[in-house]
Amino acid sequence: MTSNTPCLSFSGVSKSFVSRDGEIVRAVENVTFDVPRGTVACLVGMTGCGKTTILRLAAGLETPDSGTIVSPSGEIGYLTQQHTLLPWMTTTDNIGLPLKVKGMNDAARKARVNEIMEALGLAGFGSLYPYELSGGMRQRAAIGRLMASESSCWLLDEPFSSLDERTRHQLQKLLLETAAATNVTVLFVTHSIDEAVWLADRIYIVSAWPGRIIESLEIAEPKPRDRISDAFGARMEAVRKRLEAAIG
């Protein structure tokens with residue numbers, strides 16, 4: 001169930017960094033947008049335009065120079081291109097780590113992790129270490145850890161970009177099913193227009209450096225969307241043209 005109430009809100013947010021040469025580098029400037037609860041929003045733009053900086057600001061990993069950010073404190077999960085599973089932990093222990101940190105007892109934690117692994121198609125792989133899993137399975141385990149965290153807001157930074165097309169589509173479908181089942185809010189960074197159009201309720205186009213939100217596109221078609229339909233192809237082409245026009 002979605003809501004018009006923002007789960008995540010940026011208002012006039014700017015962030016600069018100091019380069020190794022001592023120069024001030026303006027990463028993002030006057031970023032303003034909202035992500036309503038229970039929706040999926042995608043940030044789309046050129047490499048280096050500040051999309052990851054926006055995610056890091058949302059996660060509280062960076063502090064804005066100016067502007068305000070409203071986010072669900074302590075309820076954010078973050079998934080990057082690299083799965084960040086702990087190599088010395090098994091799949092079961094990696095997925096169950098957030099529950100262990102919360103102090104859940106062993107029996108309850110085991111039951112919840114088994115439930116998550118069953119849902120993700122990882123049943124039977126719980127004793128394996130990350131290096132023993134395929135790329136797709138590692139990303140499934142990383143999603144499982146997000147599920148175990150019971151976070152209300154997920155920040156995902158191109159988590160499927162290194163995977164083959166079939167696996168990527170499978171995990172996109174899994175992401176949408178999981179988000180819908182748990183009413184989680186998702187802010188997803190991608191370079192892929194196909195991925196954005198298939199996942200998003202709204203697409204935010206980020207300008208070339210310094211990053212600004214220069215256009216907001218609502219994707220109203222019901223989910224799951226049919227990639228081979230004429231309507232999907234037309235929507236992709238419309239978004240591509242608006243992206244090209246927006247970034248010059």
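Just so you know, these numbers come straight off a predicted model, no measurement behind them.
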Q. Is it true that a side-chain atom of R145 and a backbone atom of T84 form a donor plus acceptor pair closer than 3.5 Å?
A. yes

(Q) Using modelled atom types and a 3.5 Å cut-off, is there a donor and acceptor pairing between side-chain atoms of K15 and backbone atoms of T53? (A) no

Q) Do V206 and I214 come within less than 4.5 Å of each other through their side chains, counting heavy atoms only? A) no

Q) Is the closest side-chain heavy-atom distance between F188 and L199 below 4.5 Å? A) yes

Q) Would you say K110 has more than 12 foreign heavy atoms packed within less than 6.0 Å of its NZ? A) no

Q: Could you please spell out the steps behind the side-chain hydrogen bond (donor to acceptor under 3.5 Å, both in side chains) verdict for R202 and T39?
A: CA-CA 8 Å; R202 183 169 294 277; T39 65; over 6 Å; no

(Q) For a 4.5 angstrom cut-off between non-hydrogen side-chain atoms, does F17 reach E62? (A) yes

Q. Is the Y204 ring parallel, tilted or perpendicular to the F33 ring (thresholds 30°, 60°)?
A. tilted

Q: Please name all residues satisfying side chain to side chain contact (heavy atoms under 4.5 Å, CB included) with T185, sequence neighbours left out, ordered by chain then number.
A: C7, V35, R37

Q: Taking salt bridge (Lys or Arg N to Asp or Glu O under 4.0 Å) as the test, write out the residues that go with K173, two or more places apart.
A: E177

Q: Among L187, I76, V40, L175, find the residue that satisfies the side chain to side chain contact (heavy atoms under 4.5 Å, CB included) test when tested with W154.
A: L175

(Q) Any carboxylate oxygen within less than 4.0 angstrom of a Lys/Arg side-chain nitrogen, looking at D201 and K223? (A) yes

Q. Under 3.5 Å, side chain of R225 to main-chain N/O of V197, donor-acceptor pair present?
A. yes

(Q) Quick one, V239 and I203 - any side-chain contact, counting heavy atoms below 4.5 Å? (A) yes

Q.
Give me the atom names and distance for the closest heavy-atom approach of P130 to N94.
A. CG-ND2, 4.0 Å

Q: Might you point out which heavy atoms bring V189 and K51 nearest each other, and give the distance in Å?
A: CG1-CE, 3.6 Å

Q. Is the closest basic N to carboxylate O distance between K102 and E150 below 4.0 Å?
A. yes

**Q.** Intermediate values then yes/no, side-chain hydrogen bond (donor to acceptor under 3.5 Å, both in side chains), T90 and T92
**A.** CA-CA 5 Å; T90 64; T92 294; 4.7 Å; no

Q) Is there a donor-acceptor pair closer than 3.5 Å between any side-chain N or O of Q139 and the backbone N or O of G136? A) no

Q. So, do S127 and T91 sit near enough that their side-chain heavy atoms are less than 4.5 Å apart?
A. no

Q. Excluding sequence neighbours, so at least two apart, what forms salt bridge (Lys or Arg N to Asp or Glu O under 4.0 Å) with R168?
A. none

Q: Could you tell me whether R26 and E29 make a salt bridge, using a distance below 4.0 angstrom between a side-chain N and a carboxylate O?
A: yes

Q: Kindly give the heavy-atom pair with the smallest separation between T190 and A196, and that separation in Å.
A: CG2-CB, 4.0 Å

(Q) Holding to salt bridge (Lys or Arg N to Asp or Glu O under 4.0 Å), I want the full list of residues that pass it with E195, two or more places apart in sequence or in another chain. (A) none

Q | Shortest non-hydrogen separation from M46 to A208 and the atoms involved | A | SD-CB, 4.1 Å

Q.
Treating S9 as the side-chain partner and P6 as the backbone partner, does any N or O pair qualify as donor plus acceptor under 3.5 Å?
A. no

Q.
For E118, I'd like to know if atom CD has over 12 heavy atoms of other residues, nucleotides or ligands within 6.0 Å.
A. no

(Q) Does D230, at its CG atom, have more than 12 non-hydrogen atoms belonging to other residues, nucleotides or ligands within less than 6.0 Å? (A) no

Q: Looking only at non-hydrogen atoms, find the nearest pair between V31 and G211 and report the distance.
A: CG2-O, 3.6 Å

Q. For I24 and S16, which heavy atoms make the closest approach, and how far apart are they?
A. CG2-CB, 3.8 Å

(Q) Among residues at least two apart in sequence or on other chains, which ones pass side chain to side chain contact (heavy atoms under 4.5 Å, CB included) with T32? (A) N30

Q.
I'd like to know if the side chain of D34 reaches the main chain of P36, judged simply by a donor and an acceptor atom lying under 3.5 Å from each other, with no hydrogens or angles considered.
A. no

Q. Got M117 and N114 here, is their nearest side-chain heavy-atom distance under 4.5 Å?
A. yes

Q: For S192, enumerate each residue passing the side chain to side chain donor-acceptor pair (under 3.5 Å) test, keeping only those at least two apart in sequence or located in another chain.
A: none

